[in-house]
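Every heavy atom of this structure was used, including side-chain atoms; hydrogens, water molecules and symmetry mates were not. Note that the structure is a prediction, hence the values are computed from the model and not measured.
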Amino acid sequence: MYASTPSTVHSWSIRTQNKTFRSLHKAIEYAGEHVGELNALEVFIHNGDRREQIICGEELQSLIMRVCHH
């Protein structure tokens with residue numbers, strides 16, 4: 001799931017562009033590039049017909065730490 005789950009990084013900041021990726025991993029890496037704006041970032045996980053999951057705040061920070069620092 002992690003490698004093939006389409007996900008969008010949404011930013012409330014004008015300095016970081018919203019981007020959609022083919023994988024959650026790539027979305028987390030992109031968010032990690034903009035960790036200085038963590039409070040303005042959300043990651044939407046696209047689940048097809050089901051409601052999208054949203055990762056933000058401490059949960060997003062934790063994922064960034066795991067993905068970007070290994």
(request) Please report the shortest heavy-atom distance between His34 and Leu41, naming the atom on each side. (result) O-CD1, 3.6 Å
(request) Nearest 0.5 Å please: distance from the NZ atom of Lys26 over to the NZ atom of Lys19. (result) 11.0 Å
(request) For the residue pair Ile28 and Val9, establish whether any side-chain heavy-atom pair is separated by less than 4.5 Å. (result) no
(request) Verify side-chain contact (heavy atoms from CB on, under 4.5 Å) between Trp12 and Glu42, making sure each step is shown before the conclusion. (result) CA-CA 8 Å; Trp12 293 97; Glu42 300 172 320; 3.4 Å; yes
(request) Quick one: pull up OG in Ser7 and NE2 in His46 and give me the separation to the nearest 0.5 Å. (result) 6.0 Å
(request) Starting at CG of Leu63, measure out to CD of Glu58 and round the result to the nearest 0.5 Å. (result) 12.5 Å
(request) Can you see which heavy atom on Pro6 is nearest to which on Ser4, and at what distance? (result) CD-O, 3.3 Å
(request) Hydrophobic side-chain clustering at under 4.5 Å (ILVMFWY, transitive links): who's grouped with Ile54? Put none if nobody. (result) Phe44
(request) Kindly compute the distance separating CD1 (Ile45) from OG (Ser23), expressed to the nearest 0.5 Å. (result) 11.0 Å
(message) Other members of the hydrophobic cluster containing Ile14, with the 4.5 Å side-chain heavy-atom rule, please.
(response) none
(message) Using a 3.5 Å distance criterion without hydrogens, assess whether the side chain of Ser11 forms a donor-acceptor pair with backbone atoms of Ser13.
(response) yes
(message) How long is the straight-line distance from CG of Leu60 back to CE of Met65, given to the nearest 0.5 Å?
(response) 12.0 Å
(request) Please tell me if the side chains of Ile64 and Leu38 come closer than 4.5 Å, counting only heavy atoms from C-beta onward. (result) yes
(request) Quick one: pull up CD in Gln61 and CG in Asn39 and give me the separation to the nearest 0.5 Å. (result) 9.0 Å
(request) Evaluate the side-chain proximity of Thr16 to Tyr30: yes if any heavy-atom separation is below 4.5 Å, no if none is. (result) yes
